[in-house]
Amino acid sequence: MRSPDRRALCLARPMSDLRIRCAAPSDIDTVLRFWRDAAEGTSISDDHDGVTRLLTRDPEALILAERDGVLVGTVIAGFDGWRCSAYRLAVHPDRRRQGIATALLEAVEQRFVALGGRRVDAMVLEANEQAHHTWAATGYHREDHWRRWVKPL
């Protein structure tokens with residue numbers, strides 16, 4: 001059962017003409033198409049099953065930004081009880097530099113604060129210079145002493 005405070009984070013709330021809300025299972029195909037156009041790189045979980053698992057495990061983790069009913073941005077705000085992790089921050093190329101990423105990251109931070117989080121770790125591609133500027137402009141900084149180690153399952 002979700003607490004009222006956490007649920008409020010995912011209720012649609014207008015911000016000028018930008019609507020921030022949590023994704024529903026009916027959004028999955030739209031999100032996957034959006035990521036093909038707007039996201040840099042791909043993830044092993046960028047498929048219907050992967051996003052379904054995410055929403056089943058944490059229905060509030062995938063946050064969407066819409067303008068006039070059209071998806072213009074996404075971010076995943078994952079929390080495992082220990083770490084707050086931000087993934088898949090993506091804004092449609094025609095809608096960048098309009099405050100969408102900032103609004104999405106504000107929603108992420110509100111979610112994490114409500115969950116008791118203490119710090120956000122963001123996955124940002126090394127080669128995506130534009131993303132580096134976006135993250136830095138919203139108060140994030142790079143930690144060079146950490147590296148991501150992966151092993152496909």
Side-chain angles (χ1 to χ4, degrees), residues 2 5-115 117 119-142 148 150 152:
R2 295 180 192 148
D5 292 337
R6 286 180 59 204
R7 181 66 187 135
L9 294 175
C10 281
L11 294 175
R13 55 180 192 266
M15 182 176 156
S16 64
D17 62 340
L18 190 64
R19 181 177 181 224
I20 304 293
R21 67 174 179 88
C22 292
S26 60
D27 294 309
I28 293 173
D29 291 330
T30 301
V31 167
L32 291 169
R33 281 191 304 273
F34 177 81
W35 284 343
R36 282 194 293 271
D37 295 333
E40 293 289 326
T42 58
S43 166
I44 196 168
S45 300
D46 285 358
D47 58 27
H48 201 276
D49 288 341
V51 180
T52 298
R53 277 191 300 279
L54 171 68
L55 294 181
T56 299
R57 184 183 181 287
D58 186 350
E60 299 172 352
L62 178 53
I63 301 171
L64 309 180
E66 297 174 323
R67 187 166 273 149
D68 298 322
V70 175
L71 183 60
V72 295
T74 68
V75 67
I76 296 173
F79 183 64
D80 62 9
W82 181 263
R83 294 212 196 279
C84 303
S85 300
Y87 306 91
R88 298 314 256 159
L89 176 63
V91 174
H92 191 278
D94 295 339
R95 303 295 183 107
R96 293 182 179 154
R97 304 200 50 82
Q98 298 177 16
I100 296 167
T102 299
L104 284 165
L105 290 176
E106 287 172 2
V108 164
E109 292 166 12
Q110 288 173 12
R111 170 175 159 73
F112 289 151
V113 167
L115 293 170
R119 179 186 75 194
V120 180
D121 292 330
M123 298 296 296
V124 183
L125 288 171
E126 281 293 315
N128 190 344
E129 291 289 329
Q130 186 175 15
H132 299 177
H133 297 292
T134 300
W135 287 97
T138 54
Y140 291 79
H141 66 277
R142 179 183 169 137
R148 178 180 177 194
V150 300

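All residue numbers in this chain count up from 1 along the given sequence. Only a predicted model underlies this, so the values are computations on that prediction, with no experimental measurement involved.
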Student: Nearest 0.5 Å, please: how far is CG in Asp37 from NE2 in His92?
Tutor: 5.5 Å
Student: Run the side-chain donor-acceptor check on residues 73-80: report pairs under 3.5 Å with partners two or more places apart or on a different chain.
Tutor:
from, atom 1, to, atom 2, distance (Å)
Thr74, OG1, Trp35, NE1, 2.8
Thr74, OG1, Arg88, O, 3.0
Asp80, OD1, Trp82, N, 2.8
Asp80, OD1, Arg83, N, 2.7

Student: Determine the minimum heavy-atom distance between Ala90 and Leu104, stating which atoms define it.
Tutor: O-CD1, 4.4 Å
Student: Quick one: closest heavy-atom pair of Cys22 and Pro59, and the distance?
Tutor: CB-O, 4.0 Å
Student: Under the rule for salt bridge (Lys or Arg N to Asp or Glu O under 4.0 Å), what residues qualify as partners of Asp121, not counting sequence neighbours?
Tutor: Arg119
Student: Step by step, work out the side chain to side chain contact (heavy atoms under 4.5 Å, CB included) result for Asp27 and Arg21.
Tutor: CA-CA 11 Å; Asp27 294 309; Arg21 67 174 179 88; 2.8 Å; yes
Student: Let me confirm one number: the CD1-CD1 distance from Ile20 to Ile63, rounded to the nearest 0.5 Å.
Tutor: 8.0 Å
Student: Could you tell me whether a side-chain N or O of Arg19 sits under 3.5 Å from a main-chain N or O of Gly69, the two making a donor and an acceptor?
Tutor: no
Student: Which atom names give the shortest non-hydrogen contact between Val72 and Arg95, and what distance separates them?
Tutor: CG1-NH1, 3.6 Å
Student: So how far is it from Ile28 CD1 to Leu55 CG, rounded to the nearest 0.5 Å?
Tutor: 5.0 Å
Student: How close do Ala65 and Leu71 get, counting heavy atoms only, and between which atoms?
Tutor: O-CD1, 3.5 Å
Student: Can you tell me how far apart CG (Leu115) and CD (Glu60) are? Round to the nearest 0.5 Å.
Tutor: 7.5 Å
Student: Return the minimal non-hydrogen interatomic distance between Asp17 and Arg67, and the atom names on each side.
Tutor: OD1-NE, 3.1 Å
